[in-house]
Amino acid sequence: MADFNFSVFSRAAAAAGESGDTRLADVLDRAVAAARDGGRDGGRAGARWTVRRDAMWCHVLPEGVECPAQGWKLHVSATPASAEEVLARSLAVLLAAGSAFKFAAAHDQVAALNARNTSRGHSGKFITVYPVSDEEAVRLALELHRATAGLPGPRILSDRPYAPGSLVHYRYGAFTEERRITNDGFYTWMILDPDGNPVEDQRIGRYTPPSWVSCPFPDHRAADSGHSGKGTGDANGNGADANQNELLIGTRFTVREAIRHTNKGGVYRALDTETGDPVVLKEARPHVAADEDGNDARDLLRAEARALEAVEHLGLAPRPVRLFTQSGHLFLAEELIPGTTLGKWTADLLGDRGWGPHLAPALEMAVRLTDLMIRAHGAGLVVRDFTPNNIMVRPDGAPILIDLELAVAPGSPDAVPLRAGTPGYAAPEQMDGAAPDPAADRFALGATLCHVLTGGPPYLLDERPVARPPAERLTELLTARTQGLDLPAPLIPLLLGLMAGDPRSRWSPDRARAELAAASSGDAGAPRPAPAAGPRLRSGWLREQNREVVTGITEHLLAAMDPEAEGSLWPASCVHGAPDPCSLQHGAAGPLGALTRCYDLTGDRRLPEAIARAGRWILTRLDDGTARPAGLYFGTAGAAWAVLDAGLATDDGELVDGALALADRLPAAADAPDITHGTAGIGLTALHLWTLTGHARYAERAAAAADALAASVEDRSGRLSWSTPAQHESKLAGRRYYGFAHGVAGVGYFLTACARATGRADHLALAAAVGEDLLEEATVTGRSAMWGAGPGDAPTAPYWCHGAAGIGGFLVRLGDATGDARFTRGAEQAAQAVLDHRWRAPLGQCHGLAGNGDFLLDMAAFTGDGRYRDAAWRLARTIVANRANRDGRSVFPDEFGQVSVTWGDGMSGILAFLQRTSHGTPRLWTADVPDGLAGSAAVTGAGAERVS
């Protein structure tokens, strides 16, 4: 009989019990007890099992059995409603065998695996089995298939089903964490081909076995309703291939293209062959987004069909055409509404016209949206997801409701509470599971009007415990977001009235419409007073708030850091993938740099110990033999930079020596040319190390990097450019960009800084040629200039990564270095674009207000114009207004609404900008050579060495 080691599992079960949900753990307990009591043969004689639990999985491991590194793995799917039964039946098979397995530890994790927007390559995998051999895999697959037959569970898109309708699936892949870091700075899982070469273990939304493997499982596909595993509505659930032509669905609809694919199913443009009309097809996969009552994505699609039928006569929404099932998938065909989403309509309006001229059309749209809500409620419809992405604006300007899957029609059976909605737009009580109520729609109307008027919703993270009344927080945020926009006086009270915390106190849409009509006609009274002047803006309340937030972010970074963690020093988001935990952009180097700067400025006595532990954590992992790219933001160079700064700030020789040892292993150049991944960033790191240490070898390496860039520049149709070679394994391969992060602006910036250090006129001339090309490529509108991401692209948002903020940062430095006023004027035009687009909502460095604010501070530093500093403080005010209090600390949402400490889109980048507004320090991760060192790198010896 199997013998179990429960010491680890007991602690894991206790952890699961924090939320009160130990149901799946209890199933394992009962299965073990049944085996012990002789209810079955108990499996392999003398077998012992160790069970451990982490945040997501419960791992069950046989002692004394070595798990293969790769092979045919099995997955068993389930829904939250079926998970206990699926697990119980599967354990009867698995505990009698000898292969390791894991299962989702709680019902919340099962729901997360099956959620509508879960990655299609990872969805549905409730149980994973790691068979010890191919023969064992085939035997277990058959037994698990028989044991779980008839139970509900979603199709696992990355795998092949064992048989039609089976919960058991299989794929060939890695069993153990054999990973490598790609040239782009992210982990990828690896398997070995027959020659021992590493190959990526692809985890995508379709079955893709390696070419060299032979499938040991019986082929049941012939019985699979004649479907081949391709196309919309097939038994494999793969959805339509946008490249296929004339794919017929439901005997009537010809699919033309896929609009999007999500875990719940696709959305497609199609042609109704009976009428000749264009339609939209929406697909709902069985058992996806299921709840514990068994309702799933198909029920939501049926609810949408009922809602469309209820208001069909009013023209509020698309006309429903047909609801039908094919291969178990539910499809809804509905009228195709021409136009653009309200979200894009607003971005285009604000982006093209700036803050001032957009007000009249925005107010007109606000009236139309309020009328739309009035008409929907007049028909008895509760929308429950009234957002800019769920509203189409037709060419005639009329807004139309789309995506009504949460809507409740009069007399509908769908009037049940749902913890669902769009963050920032859904009322708090709706997200807490309240019954459908028009009052929740009033909140959503207010948030949507805020989006139209200011470019984004008033999205506020929850506070724990609640430190400020919601109305106070909302007032502060709306006041900050509308500074500089001459809104009529009643509009802020209107938005606050619609979004009141108490549902009973919210303004009715009729009252809101009356106020909007008055504002549109000019009868609303005088505009609100203009924002305070610059010196006043930077003093008093805001300066104190800035200090409090800097302290609050610092305390969060200290509390969230876990030096004992193996995976990441700070909790990491997987939104971008699995990043190198040491990198600057998404790893530990970014927060370390921000904490080091904080210590430099404040002398906070808590920081040296934390800085030392973070630096040693990074050095330890960089010495583990893992191959990493060399880049500044996604590789070793950025980590070396951060650790060196930390060591010098805290007078820690061990950190200094470790950082210099890392730097000495860096190459002079890389295949990629850019700042984030390639040669320009490596050269910039060398330049920074030279300014700090005076070591001649770093000046020589910086010059070598500049020479390598000069040798690799290409002339394309009279424009200079660099690109990552097409054969280089990277998402950037073959692409050409203008921006700072990946393009010529970042390369030009490094060449400018290097020329200042070395006195090399050829490097400065090359940088100037790049600057002239960028001026030629600018789209100039009035006083502002914007750029596309690359040749042939339309102007993009003015951020550090691709747009005007990063390009302007290069141009202002180039103007300072050359004395050419054309470059300074180009930078001023870029700054105007940043000011025109200050309504854009993200807060971070890469694509947000912190990075844009840093550029404005650069403009103030290089031009001496205090208006740019005042403008940076206005951005700081908006950022500060987004804060939330968590346990007495300050947290901010990243661009995905998550709490993240990373540099690129999280709180480390915000912290560095806010510190800089108060202290006027140089921008982090730049190497602007001080006047006293200009030209000295050209001298052999490069000056006195200041670090031994």
Checklist entry - From Cys58 SG over to Leu24 CG, what is the distance, rounded to the nearest 0.5 angstrom? => result 9.0 Å

Checklist entry - Would Glu335 and Asp277 satisfy side chain to side chain contact (heavy atoms under 4.5 Å, CB included), going step by step from the backbone distance to the final call? => result CA-CA 8 Å; Glu335 176 189 10; Asp277 295 331; over 6 Å; no

Checklist entry - With Val393, which of Ile400, Leu342, Thr346 fulfils side-chain contact (heavy atoms from CB on, under 4.5 Å)? => result Leu342

Item to check | Side-chain donor/acceptor of Asp296 to backbone N/O of Ala290, under 3.5 Å | outcome: no

Checklist entry - Parallel, tilted or perpendicular: which fits the ring planes of Tyr425 and His451, with parallel below 30° and perpendicular above 60°? => result tilted

Item to check | Heavy-atom closest pair, residues Ala104 and Gln109 | outcome: CB-CB, 4.0 Å

Next on the checklist: Quick test of your reading of the model: are Arg384 and Asp441 salt-bridged, counting only N-O distances below 4.0 Å?
Outcome noted: no

Item to check | Any donor-acceptor N or O pair under 3.5 Å, side chains Glu85, Thr148 | outcome: no

Item to check | Where Gly250 and Gln326 come nearest, the two heavy atoms and their spacing | outcome: N-OE1, 2.8 Å

Item to check | Side chain Arg883, main chain Val880, donor-acceptor under 3.5 Å | outcome: yes

Checklist entry - Taking the six-membered ring for Trp, are the ring centroids of Phe324 and Phe253 within less than 6.0 Å of each other? => result yes

Checklist entry - In Å, rounded to the nearest 0.5 Å, how long is the span from CG of Asp905 to CG of Leu843? => result 10.0 Å

Next on the checklist: side-chain hydrogen bond (donor to acceptor under 3.5 Å, both in side chains), that's the test. Do Glu292 and Thr79 meet it? Break it down for me.
Outcome noted: CA-CA 8 Å; Glu292 295 197 37; Thr79 69; over 6 Å; no

Checklist entry - Is Ser900 reaching over with its side chain to a backbone N or O of Asp894, donor-acceptor style, under 3.5 angstrom? => result no

Item to check | Check: Asp21 side chain, His107 main-chain N or O, donor-acceptor pair, under 3.5 Å | outcome: yes

Checklist entry - Say you draw a straight line from CG of Leu494 to CG of Leu498; how long is it, rounded to the nearest 0.5 Å? => result 5.0 Å

Checklist entry - Are Asp348 and Lys344 within salt-bridge range, i.e. N to O under 4.0 Å? => result yes

Checklist entry - With distance as the sole test, does Arg506 use its side chain to make a donor-acceptor pair with the main-chain N or O of Ala439 at under 3.5 Å? => result yes

Item to check | Residues Arg473, Glu463: salt bridge by 4.0 Å N-O rule | outcome: yes

Checklist entry - Does the side chain to side chain contact (heavy atoms under 4.5 Å, CB included) test come out yes or no for Leu308 and Glu304, once each step is laid out? => result CA-CA 6 Å; Leu308 293 177; Glu304 179 169 4; 4.2 Å; yes

Next on the checklist: Could you walk me through whether Leu516 and Leu491 satisfy the side chain to side chain contact (heavy atoms under 4.5 Å, CB included) test, starting with their C-alpha distance in whole Å, then the side-chain angles of each, then the deciding distance to 0.1 Å, before giving a yes or no?
Outcome noted: CA-CA 8 Å; Leu516 285 168; Leu491 288 188; 3.8 Å; yes

Checklist entry - Between Lys125, His169, His75, which is the residue that forms a side chain to side chain donor-acceptor pair (under 3.5 Å) with Ser158? => result Lys125

Next on the checklist: Thr422 vs Asp385, test: side-chain hydrogen bond (donor to acceptor under 3.5 Å, both in side chains). Steps then yes/no.
Outcome noted: CA-CA 7 Å; Thr422 302; Asp385 206 13; 2.8 Å; yes

Checklist entry - Only one of Asn114, Leu167, Asn263 forms a side-chain contact (heavy atoms from CB on, under 4.5 Å) with Pro154, so which one is it? => result Asn114

Checklist outcome for this item: When every non-hydrogen atom of Ala519 is compared with those of Leu363, the smallest separation belongs to O-CD1, 4.1 Å

Next on the checklist: Within this structure, what is the CG-CD distance for the pair Leu495 and Glu515, rounded to the nearest 0.5 Å?
Outcome noted: 11.0 Å

Item to check | Atom of Arg53, atom of Ala105 and distance for their closest heavy-atom approach | outcome: NE-CB, 3.0 Å

Checklist entry - Should Asp887 and Arg464 count as an ion pair when the cut-off is N to O under 4.0 Å? => result no

Next on the checklist: Applying ring pair (Phe, Tyr, Trp, His ring centres under 6.0 Å) to Tyr268 and His261, what does each step give before you reach the verdict?
Outcome noted: CA-CA 9 Å; Tyr268 313 100; His261 283 303; 5.7 Å; yes

Checklist outcome for this item: Minimal heavy-atom distance between Met499 and Pro458, with the atoms involved, is SD-CG, 3.6 Å

Checklist entry - What heavy-atom pair brings Ala305 and Leu332 nearest, and what distance separates the two atoms? => result CB-CD1, 4.0 Å

Next on the checklist: Check Arg23 with Asp26, please: is the shortest side-chain N to carboxylate O separation under 4.0 Å?
Outcome noted: no

Item to check | Pairwise distance NE2(His377) to CG(Leu445) - rounded to 0.5 angstrom | outcome: 8.5 Å

Next on the checklist: Can you classify the ring geometry of Phe126 versus Phe103 as parallel (below 30°), tilted (30 to 60°) or perpendicular (above 60°)?
Outcome noted: perpendicular

Checklist entry - Judged by atom type as modelled, is there a donor-acceptor pair below 3.5 Å linking the side chain of Arg419 to the main-chain atoms of Asp432? => result yes

Next on the checklist: For Ile374 and Asp510: C-alpha separation, side-chain torsions, deciding distance, then whether side chain to side chain contact (heavy atoms under 4.5 Å, CB included) applies.
Outcome noted: CA-CA 7 Å; Ile374 291 170; Asp510 291 292; 3.6 Å; yes

Checklist entry - Are Glu405 and Arg116 close enough for a salt bridge, meaning some N to O gap below 4.0 Å? => result yes

Checklist entry - So how far is it from Asp437 CG to Glu429 CD, rounded to the nearest 0.5 Å? => result 7.0 Å

Next on the checklist: Checking salt bridge (Lys or Arg N to Asp or Glu O under 4.0 Å) between Glu334 and each of Lys282, Arg319, Arg322, which is the one that passes?
Outcome noted: Lys282

